[in-house]
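Values reported hereafter were calculated over all heavy atoms of this structure, with side chains retained and with hydrogens, waters and symmetry mates removed. A quick note: this is a predicted structure, and the numbers were derived from the prediction, not measured. The chains referred to below are lettered A, B, ... by the order of the sequence lines, with proteins before strands, and numbering in each begins at 1.
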Amino acid sequence: MHDYLATLNEQQKEAVLYTEGPLMIVAGAGSGKTKVLTTRIAHLIQGGIDSFRILALTFTNKAAREMKERIESILGNSEARNLYIGTFHSVFARVLRVEAERMGYPSNFTIYDTEDAKSLIKSIVKERNLDDKVYKASYVYNRISSAKNNLYTYKEYKEDHNIQQEDARSNRPQIGEIFETYSKRCFKNGAMDFDDLLVNTYILLTNFPEVLSKYQHKFQYVMIDEYQDTNLAQYHIVKLLSAMHENICVVGDDAQSIYSFRGASMENIFQFQKDYEDVKIIKLEQNYRSTGTILNAANEVISKNENQIKKELWTDKESGEKIKLVCSFTDNDEGKFVADAIMEQKLRNHFSNKDFVILYRTNAQSRAFEESLRRLGILYRIYGGMSFYHRKEIKDYVAYLRIIVNSQDEESMKRIINYPARGIGQTSLNKISLAAQEQNKSFFEMLSEAASIGIKGSTLSTIHDFVTAVKHFQSIAEKKNAYEIAMEIGKQFGVLKDLNSDKTIEGLAKYENIQELLNSIKEYTETPDEEGELTDKPLGTYLQQITLLTDADQNADEEQDCVKLMTVHASKGLEFPNVFVVGMEENIFPSSMSMYDRADLEEERRLFYVAITRARENVWISYANNRYRFGSLISNDPSRFIEELPTHLVDASLAKKAAFKTTTFTSNKTKNDTVQQKKIPSKPASNYVPSSDFIADEPGKMQAGMQVEHQRFGIGTIVTLEGAIANKVATIDFGTMGQKKIMLNYAKLRIMN
DNA sequence: TGCGCAGGTGTTTTT
DNA sequence: CACCTGCGCA
């Protein structure tokens, strides 16, 4: 083992060596906090601390995995595998699996993701005959979620005067009632949502002193990364767990607090200093990541915030290139610019694809960049958005696995009882669901007694067959391994057959996804457990794991040489040589939702700060004058944050040049319209603006058999044309992209010769 | 009961 | 533009 202290600076070293008592590390962006954390843990283990007694909580699964690997490489042995390290959610899901039965939950409880939770809320709103436009599932969910993050039970929620007034004012006085039903229903289903994992951990630790004592003893050292993004529930859990040894070390940066919408509160940082009299505070202020220019620009931006801990981030790196400000005419032009710039940088400065990241405020902004990168043949990968395990076909399959593991789970039961279609309709389901509630039985129990509530004929026998099959799998669930069971379920219930019969491109993709799911289960069953033994692993653990996985956690093709696209949120903790921060416009960044409140706006500014500080060498800040939104063109002013960058650090030549850039127009009606040269107008001159090198042909000219080019799908052949002249739909075969139905009136297609 | 179509509606950010 | 929902028809 090498001398792990040698590469640390004074403050870093101090933080590593200060192991006893409460410690807060205020770590600026790029100041080596992961290095400090991993070295600190390695140092503890090296000093004889039992690795089983160290708890480290991170913000993402990926961060946890990487930390584990780094600790292993410092130590040169496999001690790190014994650490309790992971996200709050995954670590406490693991704890709850052991302890949940004390609270009346099955140890195989199901974890509901946001989609599951919203669908349950939806059905409760429906049952109560409330207007689902007023009681929108997402609104109600957010309301319940933030209550839980602040440790409100439904009872407290209903009794809280302020909350009741808020709900009354928003004309949604029933939210408390929905909250109550929702909580009871989750409990009855043997299910916890994301927030419950924290809330129930808190309840467990406060209501069961013997449990608290057990984990307090166990965790001799507690470390928390990204402390600025913890919420009240997490704060209390951590405080309880570390109360005995008080060897608690938190690492955070108030300037990077960007999750308040999820209940996170920077207050926790200030509170930490009040909670412990003997708290030690170490600031890491040397930045090892970015050039002087980037760092100075970032410092300047964040200094506009009122609410912050003062610190002075510095670097001894050279100043480097100026920040490049880019203005494009439309969002498509912006995409094209970025792709071109990447191409140019690759050729000129020998960068490869993986040296670039495109950061945007919202997931929906990725499209223009996908198109332009694809057109130049640049490999890219989008992080975020829909994770693999959230795809519909995967969730359906997973729902089968869930009910085998936990038959109380009504949501999952409803999801698949008639998939593939077997003739159990909505009417019967409503009947059963209602009866189950009245008789206080689980949905599954009620299914077994369907005859007693007047269900008969073929529906009854289908239900009977279904119940028998489920019971069969439950009975063998203990004996066979997870992969075999999953495989057989697919066969037995006709899921595999159903997917296999769909020969469309989408259908094939779905089938492949299911194969991938099955492979992942197989891999899971074949991976040795923590003691290195190859035991038959329970399906329940697998299911809990995958629900807590996000897209960013998938690292299968991590090493592929791709340009990365992601939201600024998703980029936290990462670094890249070249960063494009795009869509820097009012209403987008800052978001229109966050412009009218100082605290919200400051969070947007911190977000911008996070974006800039991801970069090692180059930053481009880009905005477009016009962009498509809901299918029509809108125009935004450049973001106010651009003005906050010091002008001497910004190269604005690309923004000025764009003002005289030639843009190609084609009119909607007549082809071969004269190409106009224009200065950038502040409002769109035309409703139809294709990217400049692409001239669409008239819809009327399209004929079957023609080769056409589509800006997103590439080159394809028109298979059929259907519909009236005003509303023609073409089926076009784009080869590897599959067959697409395209509305000619909307799509821009160019005829190839 | 199941599928197809027309129309309405929607964009923060995520464990 | 893309998705989802609700409604109408077989």
Side-chain angles (χ1 to χ4, degrees), chain A residues 57-64 86-93 111-115 117 122 132-133 136-138 141-142 145 148-149 192-198 226 229-231 233-234 257-264 331 359-368 383-387 390 392 418-429 458-459 462 545 547-553 566-572 583 587-595 600 603-604 606-607 610-611 627-634 711-712 723 727 729 740-743 745-748:
Chain A
L57 297 167
T58 60
F59 196 69
T60 63
N61 295 297
K62 195 176 161 208
T87 63
F88 273 88
H89 291 85
S90 66
V91 165
F92 294 120
I111 298 175
Y112 280 170
D113 65 20
T114 311
E115 185 194 335
K122 230 179 206 171
D132 61 2
K133 296 245 161 44
K136 275 199 290 199
S138 56
Y141 175 79
N142 286 333
S145 174
K148 285 191 193 172
N149 284 324
M192 300 189 198
D193 65 17
F194 288 149
D195 304 318
D196 290 333
L197 293 174
L198 304 179
E226 310 281 10
D229 286 321
T230 52
N231 61 35
Q234 292 166 323
S257 160
I258 55 174
Y259 282 94
S260 73
F261 68 92
R262 214 171 85 185
D331 47 354
L359 301 179
Y360 33 73
R361 180 65 180 80
T362 66
N363 283 305
Q365 285 165 256
S366 67
R367 193 172 310 147
Y383 287 79
M386 176 105 64
S387 107
H390 290 276
K392 196 177 250 161
N418 201 33
Y419 167 77
R422 46 174 79 89
I424 305 175
Q426 200 56 51
T427 327
S428 311
L429 290 186
S458 67
T459 310
T462 312
Q545 272 178 28
T547 313
L548 296 172
L549 240 38
T550 63
D551 187 49
D553 295 324
M566 64 183 83
T567 62
V568 183
H569 281 90
S571 77
K572 201 174 70 160
N587 298 315
I588 294 178
F589 201 170
S591 151
S592 56
M593 320 283 287
S594 315
M595 294 203 313
D600 287 347
E603 178 146 321
E604 295 283 311
R606 291 193 292 272
L607 196 54
V610 167
R627 76 174 53 238
Y628 278 95
R629 207 182 180 211
F630 302 145
S632 60
L633 210 55
I634 56 152
Q711 287 192 84
R712 192 141 61 92
N727 222 350
V729 177
K740 306 275 175 191
K741 291 209 177 214
I742 290 184
M743 308 271 288
N745 271 359
Y746 294 107
K748 295 162 220 160

### Message
Which is more 5' along DNA chain B, the nucleotide nearest A:Arg262 or the one nearest A:Ser428? Just name the residue.
### Response
A:Ser428

Could you tell me whether a side-chain N or O of [X] sits under 3.5 Å from a main-chain N or O of [Y], the two making a donor and an acceptor?
X        : Y        : result
A:Ser145 : A:Tyr141 : no
A:Glu603 : A:Ser260 : yes
A:Arg606 : A:Ser257 : yes
A:Asn418 : A:Gly423 : yes
A:Asn149 : A:Arg262 : yes

Nearest whole angstrom, please: distance from the [atom2] of [N] to the [atom1] of [X].
X        : N      : atom1 : atom2 : value
A:Phe194 : B:dT14 : CZ    : P     : 12 Å
A:Leu198 : B:dT14 : CG    : P     : 18 Å
A:Glu603 : B:dT14 : CD    : P     : 12 Å
A:Glu115 : B:dT14 : CD    : P     : 16 Å
A:Arg367 : C:dA2  : CZ    : C1'   : 7 Å
A:His390 : B:dT15 : NE2   : C1'   : 9 Å
A:Ile258 : B:dT15 : CD1   : C1'   : 13 Å
A:Lys572 : B:dT15 : NZ    : P     : 11 Å

### Message
Any side-chain N or O of A:Thr114 below 4.0 angstrom from OP1/OP2 of B:dT14?
### Response
no

### Basic-acidic side-chain contact under 4.0 Å: A:Asp196, A:Lys148
yes

### Task
With sequence neighbours excluded, tell me which residues meet ring-ring contact (aromatic ring centres under 6.0 Å, His included) with A:Tyr259.
A:Phe59, A:Phe261, A:His569

### Query
Heavy-atom distance under 4.5 Å between the side chains of A:Leu548 and A:Thr87, does that happen here?
no

### Message
Just so I know, are the side chains of A:Ile111 and A:His89 near enough to count as touching, which here means a heavy-atom distance under 4.5 Å?
### Response
no

#### Entry: A:Phe261-B:dT14 aromatic stacking (under 5.5 Å, under 30°)
no

### Task
Pick base, sugar-phosphate or nothing for A:Ser592, based on heavy-atom distances below 4.0 Å to the nucleic acid.
nothing

### Task
Using a heavy-atom cut-off of under 4.0 Å over every strand shown, decide if A:Tyr259 touches base, sugar-phosphate, or nothing.
sugar-phosphate

N/O contacts under 3.5 Å, protein versus nucleotides 2-11 of chain B?
none

### Message
With rounding to the closest Å, how many angstrom separate the P atoms on C:dC4 and B:dT13?
### Response
16 Å

Enumerate the protein-to-nucleotides 3-5 of chain C contacts in which both atoms are nitrogen or oxygen and the separation is below 3.5 Å.
| unit_1 | atom_1 | unit_2 | atom_2 | d |
| --- | --- | --- | --- | --- |
| C:dT5 | OP1 | A:Lys122 | NZ | 2.9 |

